[in-house]
Visitor: 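This is the structure, below, for whatever I ask next.
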There are 2 protein chains.
Amino acid sequence: MPHTIKAQRSVTIKDVARKAGTSIATVSYVFSNAERNIRPELRQRVLQAATEIGYVKNAAASSIKGKPRGILAVVVAQFGNTFFTRMCVEIVSIARQAGYVVTLCNSDEDPDQERIILERLVAQRIDGCILCPAMSREENTGLLKKYRIPYVILERSFPESTTAHNFVGQDNYQSGHLATRHLLEAGHRRIAFSGWDSPIPNVCERVNGYQAALREFGVPAEQELVLTDEMSEAAGRRMAAKLLESKMTAAVLGHHETAKGALLHFQDKGIRWPDDLSLVVIGTPEWAGVLLPRITCIQRPEHPMAVAAAELLLDAIKHPDMPAAQHVFLSTVSEGDSVRER
Amino acid sequence: MPHTIKAQRSVTIKDVARKAGTSIATVSYVFSNAERNIRPELRQRVLQAATEIGYVKNAAASSIKGKPRGILAVVVAQFGNTFFTRMCVEIVSIARQAGYVVTLCNSDEDPDQERIILERLVAQRIDGCILCPAMSREENTGLLKKYRIPYVILERSFPESTTAHNFVGQDNYQSGHLATRHLLEAGHRRIAFSGWDSPIPNVCERVNGYQAALREFGVPAEQELVLTDEMSEAAGRRMAAKLLESKMTAAVLGHHETAKGALLHFQDKGIRWPDDLSLVVIGTPEWAGVLLPRITCIQRPEHPMAVAAAELLLDAIKHPDMPAAQHVFLSTVSEGDSVRER
DNA sequence: TTGAAAGCGCTAACAG
DNA sequence: CTGTTAGCGCTTTCAA
């Protein structure tokens with residue numbers, strides 16, 4: 001817990017009022033009520049006095065009277081993951097333009113951490129929250145609901161009742177389907193899939209998309225061509241090693257974080273793409289931009305998602321009784337040279 | 001400014017007191033004063049009641065009585081830059097263990113934005129701040145000083161009076177020197193340097209280190225071998241193109257963000273490292289891990305810096321009268337295969 | 001157009 | 001051990 005130190009008394013409206021020779025009410029009006037008419041000369045004097053003694057309004061104090069705090073929060077499950085980092089940058093920027101400061105929190109895929117974080121955020125009486133849940137547990141949103149804090153669920157949906165929350169996400173089924181179809185259209189038939197063995201349904205949905213694409217092309221799905229493992233470079237390497245045993249001609253690397261390990265393994269073993277193996281990666285990791293030959297990536301809709309989430313939240317704050325809205329975005333192919341026609 | 005909506009009345013100690021059949025004082029003591037003795041049975045009843053009606057203490061309200069807010073802030077100049085992202089992840093994690101929530105802000109290298117952000121943070125009466133200043137302007141720290149908000153300057157020092165602030169940084173001179181010496185020791189003599197043409201002194205210091213290393217090896221510095229340009233991939237490409245005109249055998253890519261563009265240019269032109277050119281990059285971008293042949297990098301002390309900054313801030317909060325401290329960390333060589341002996 | 005004063009949720013003397 | 005009560009800095013009626 002934060003160490004308890006008596007804060008030094010800071011500059012307050014009282015000080016400003018004394019300095020300007022007026023009442024605290026007037027000072028308050030100058031700083032918070034645009035409607036109220038104040039004689040320009042007096043307003044000037046107040047502003048002048050405030051500047052001179054360096055007054056900054058205490059947002060915490062004004063919030064207990066029901067004023068908004070001016071703080072939004074974004075809670076993500078993997079803060080270091082570029083996918084989230086990029087969205088955070090965008091959200092922070094939009095929020096700032098709307099006058100908010102953003103608290104970023106990292107649950108590290110741990111629902112208990114998420115719980116603690118949400119409790120602290122509620123304690124701060126934040127004005128709104130964008131939450132990418134660590135796991136599909138609705139309980140953690142209960143707190144937000146109880147305190148009527150507007151929120152948007154980002155990227156990971158709850159299986160039940162998606163329409164009960166504001167939601168912004170991507171279509172994982174579609175990205176799996178798109179990646180696979182891209183390889184099928186290039187003539188590949190033995191196509192493997194590797195992904196993150198996650199507790200959340202996203203990767204499952206990608207696998208569903210993968211299998212559906214195969215079906216559409218009349219290719220029987222084979223269990224041993226679908227691998228999932230934990231999210232680490234080592235796991236990526238393990239999966240790559242296994243993949244090389246099955247004689248596939250192409251692979252969908254279904255999660256950018258494990259894809260790195262897989263590519264490193266291929267490099268070590270001297271497997272070249274697209275000559276020995278055609279590859280599509282779902283996601284656009286930073287390193288994809290420098291590898292030669294260029295990797296074909298499935299570009300996830302990071303930017304539209306971030307914008308939509310931020311705007312939906314701002315809307316929900318303005319209109320507390322707004323019905324919940326859902327926005328789902330699609331991925332696109334960012335073509336490289338890692339897929340060979342056959 | 002945030003839209004003004006009257007917040008719904010939320011659960012307060014008053015509600016808990018009524019429910020538990022006791023006074024608000026007792027409830028307050030249960031939730032904030034560990035010292036005070038309360039009959040276990042009563043304490044239980046209070047906690048029970050609180051849980052039942054979903055009470056969460058309003059940190060904003062308790063802060064106006066001088067209690068700490070439980071919020072720290074980190075203000076960086078380039079949030080999307082992995083160097084900062086990684087440090088932020090670390091700082092957030094340490095702060096959370098100490099019971100704080102962290103607000104992350106991005107000034108985008110703009111001192112005016114930084115000013116606005118700091119004003120908002122002061123308005124929130126945050127408990128402490130880690131600031132990586134957009135430019136060497138001391139005025140922005142004035143606000144923090146005025147409101148006695150403990151702070152730590154990160155990575156970018158103010159030219160004057162460094163000892164006046166808590167400071168955690170790296171030795172940029174040393175990283176420039178180290179990179180250059182590494183190439184000199186491999187026998188190179190015509191060594192170029194490319195970097196970010198920044199308003200902050202960091203890159204300059206790296207250039208100083210570069211020049212010092214040359215001097216130590218009796219190599220005359222040549223103006224045209226030192227290039228700086230804006231921080232973008234395109235600028236990196238431009239510098240690479242220019243570098244290829246001078247007949248150097250090695251280069252220090254002095255800033256990881258521009259290094260990417262340079263490497264892309266080399267790739268496009270068919271320039272191979274280390275065969276055609278020996279390379280050292282200052283910094284460890286995500287992509288360095290997958291490029292073959294492996295790039296030799298100067299590993300900056302991200303982790304120790306993040307830890308030191310977080311701990312120094314926590315210290316400064318606990319001991320408001322602590323004299324300012326400075327910690328400067330050194331970089332190390334992370335050897336790859338991009339340097340050839342000659 | 002201005003100001004006195006009540007009260008927001010919480011803390012901490014102080015009195016019982 | 002518990003409760004009464006006077007504020008913290010600010011907003012906002014309401015009356016002047």
Side-chain angles (χ1 to χ4, degrees), chain A residues 1-2 4-46 49-50 53-70 122-125 147, chain B residues 1-2 4-46 49-50 53-70 122-125 147:
Chain A
M1 283 298 107
T4 309
I5 288 288
K6 191 152 297 179
Q8 306 261 358
R9 214 187 72 79
S10 57
V11 186
T12 73
I13 37 174
K14 218 183 269 180
D15 303 310
V16 179
R18 190 176 316 118
K19 179 112 190 166
T22 180
S23 70
I24 59 162
T26 300
V27 177
S28 172
Y29 284 126
V30 166
F31 282 101
S32 38
N33 195 325
E35 257 82 278
R36 178 140 172 163
N37 287 331
I38 291 168
R39 190 161 34 93
E41 189 269 328
L42 216 204
R43 178 187 299 274
Q44 255 325 303
R45 232 166 61 220
V46 168
I53 60 182
Y55 168 74
V56 177
K57 173 156 83 163
N58 183 333
S62 69
S63 85
I64 75 171
K65 292 285 291 185
K67 289 279 185 182
R69 294 280 282 99
V122 170
Q124 299 294 346
R125 299 295 191 274
Y147 278 83
Chain B
M1 285 297 108
T4 310
I5 287 287
K6 189 152 298 177
Q8 306 261 358
R9 211 187 72 77
S10 57
V11 185
T12 74
I13 37 174
K14 219 183 267 180
D15 302 310
V16 179
R18 190 176 317 119
K19 179 109 189 168
T22 182
S23 71
I24 60 162
T26 300
V27 176
S28 172
Y29 284 127
V30 167
F31 283 101
S32 38
N33 195 322
E35 259 81 275
R36 178 141 170 161
N37 287 333
I38 292 169
R39 188 160 36 94
E41 189 270 326
L42 216 205
R43 178 187 296 275
Q44 255 324 303
R45 232 165 63 221
V46 168
I53 59 181
Y55 168 74
V56 178
K57 174 156 82 163
N58 185 332
S62 69
S63 85
I64 74 172
K65 292 284 294 184
K67 289 278 183 179
R69 303 275 302 95
V122 169
Q124 300 293 347
R125 299 296 192 274
Y147 278 84

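Proteins come first, then strands; the chains are lettered A, B, ... in the order of their sequence lines, and each starts at number 1.
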Visitor: Keeping the roles fixed (side chain from B:Y147, backbone from B:A123), state whether a donor-acceptor pair exists under 3.5 Å.
Guide: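 Side chain of B:Y147 to backbone of B:A123, a donor-acceptor pair under 3.5 Å: no, none is there.
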Visitor: I want to check one thing: is the phosphate of D:dC10, taken as OP1 and OP2, less than 4.0 Å away from some side-chain N or O of A:S28?
Guide: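 It does not, given that no N or O in the side chain of A:S28 lies less than 4.0 Å from OP1 or OP2 of D:dC10.
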Visitor: Do the side-chain N or O atoms of B:T26 get closer than 4.0 angstrom to the phosphate oxygens (OP1, OP2) of D:dG3?
Guide: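 For B:T26, the contact criterion (side-chain N or O under 4.0 Å from OP1 or OP2 of D:dG3) is met.
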Visitor: I need the A:I53 CD1 to A:T12 OG1 distance, nearest 0.5 Å.
Guide: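 Answer rounded to 0.5 Å: 7.5 Å.
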Visitor: Using a heavy-atom cut-off of 4.0 Å across all strands, would you classify B:S63 as base, sugar-phosphate, or nothing?
Guide: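 Answer is nothing: B:S63 stays at 4.0 Å or more from every strand.
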Visitor: Looking at D:dC10, I'd like to know if its phosphate oxygens (OP1 or OP2) sit under 4.0 Å from a side-chain N or O belonging to A:N58.
Guide: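 Answer no for this pair, as no side-chain N or O of A:N58 is under 4.0 Å from OP1 or OP2.
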Visitor: Give the rounded distance in Å between these two atoms: CZ of B:F31 and P of C:dC10.
Guide: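 Roughly 10 Å, once rounded to whole Å.
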Visitor: Side-chain contact, heavy-atom cut-off 4.5 Å: B:L42 with B:R45?
Guide: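 They are in side-chain contact.
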Visitor: Kindly give the atom pairs (protein nitrogen or oxygen, nucleotide nitrogen or oxygen) under 3.5 Å for nucleotides 14-16 of chain D.
Guide:
none

Visitor: Whole angstrom is fine here: how far is it from CD1 in B:I24 over to P in D:dG7?
Guide: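 In whole Å, D:dG7 P and B:I24 CD1 are 15 Å from each other.
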Visitor: Is a donor-acceptor pair below 3.5 Å formed from side chain A:K57 to base D:dG9, judging by atom type as modelled?
Guide: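 Absent.
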Visitor: Please check the phosphate of D:dT12 (OP1 and OP2 only) for any side-chain N or O of A:K67 closer than 4.0 Å.
Guide: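 Answer is yes, contact under 4.0 Å.
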Visitor: Within the structure shown, what part of the strands sits under 4.0 Å from B:I38 by heavy-atom distance: base, sugar-phosphate, or nothing?
Guide: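 Sugar-phosphate, backbone atoms only, no base.
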Visitor: Taking only residues two or more places apart in sequence, or in another chain, which ones meet B:R39 in a salt bridge (charged side-chain N to carboxylate O under 4.0 Å, His left out)?
Guide: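 Testing B:R39 for salt bridge (charged side-chain N to carboxylate O under 4.0 Å, His left out), a comparison that skips the adjacent residues, returns B:E41.
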Visitor: How bent is the helix from C:dT1-D:dA16 to C:dG16-D:dC1, comparing axes over its five end pairs at each side, to the nearest 10°?
Guide: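 Between the first-five-pair axis and the last-five-pair axis there is 40°.
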Visitor: Do A:K14 side-chain and D:dG9 base share a donor-acceptor contact under 3.5 Å?
Guide: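 No, no donor-acceptor pair under 3.5 Å.
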Visitor: B:K57: what forms a salt bridge (charged side-chain N to carboxylate O under 4.0 Å, His left out) with it, not counting sequence neighbours?
Guide: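 In terms of salt bridge (charged side-chain N to carboxylate O under 4.0 Å, His left out), with neighbours along the sequence ignored, B:K57 is linked to no residue.
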Visitor: Using atom CZ of A:R43 as one end and atom C1' of C:dG3 as the other, report the distance to the nearest whole Å.
Guide: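 For the pair A:R43 CZ and C:dG3 C1', the rounded distance is 16 Å.
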Visitor: Remember a base hit wins even if backbone is also touched, and classify A:S32 as base, sugar-phosphate or nothing at under 4.0 Å, heavy atoms.
Guide: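 A:S32: backbone/sugar contact only, no base atoms under 4.0 Å.
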Visitor: Just how far, in rounded Å, is C1' of D:dG7 from CD1 of B:I64?
Guide: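 The distance from CD1 of B:I64 to C1' of D:dG7 comes to 9 Å, rounded to the nearest Å.
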Visitor: List the residues meeting side chain to side chain contact (heavy atoms under 4.5 Å, CB included) with B:A61, not counting sequence neighbours, and say none if there are none.
Guide: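 Result, side chain to side chain contact (heavy atoms under 4.5 Å, CB included) vs B:A61: A:I64, B:N58.
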Visitor: Look up atom OG1 in A:T22 and atom CZ in A:R43, then write down how far apart they are to the nearest 0.5 Å.
Guide: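 One finds 12.0 Å between OG1 of A:T22 and CZ of A:R43.
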Visitor: Round to a whole Å and report the spacing from CZ of A:R69 to C1' of D:dG9.
Guide: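 From A:R69 CZ to D:dG9 C1': 13 Å.
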Visitor: If we ignore hydrogens and angles and just use 3.5 Å, is the side chain of A:S28 paired with the main-chain N or O of A:I24 as donor and acceptor?
Guide: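 No; zero donor-acceptor contacts below 3.5 Å.
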Visitor: Round to a whole Å and report the spacing from CD1 of B:I13 to P of C:dG9.
Guide: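 In whole Å, C:dG9 P lies 9 Å from B:I13 CD1.
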Visitor: What is the distance, to the nearest angstrom, from the OH atom on A:Y55 to the C1' atom on D:dG9?
Guide: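 In whole Å, D:dG9 C1' lies 8 Å from A:Y55 OH.
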Visitor: Could you tell me how far apart A:L42 (CG) and C:dT2 (P) are, to the nearest whole angstrom?
Guide: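 That distance rounds to 5 Å.
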Visitor: In chain order, what residues pass the ring-ring contact (aromatic ring centres under 6.0 Å, His included) check against B:Y55, with sequence neighbours excluded?
Guide: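 ring-ring contact (aromatic ring centres under 6.0 Å, His included) list for B:Y55, sorted by chain: B:F31.
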Visitor: In terms of side-chain heavy atoms of B:K65, which of C:dT11, D:dG9, D:dG3 is nearest?
Guide: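 In terms of side-chain proximity for B:K65, the closest of C:dT11, D:dG9, D:dG3 is C:dT11.
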Visitor: What is the nucleic acid contact for A:S62, judged by heavy atoms within less than 4.0 Å: base, sugar-phosphate only, or nothing?
Guide: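 Result for A:S62 = sugar-phosphate.
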Visitor: Do B:V56 and A:R125 have side chains that approach each other closer than 4.5 Å (heavy atoms only, starting at C-beta)?
Guide: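 They are in side-chain contact.
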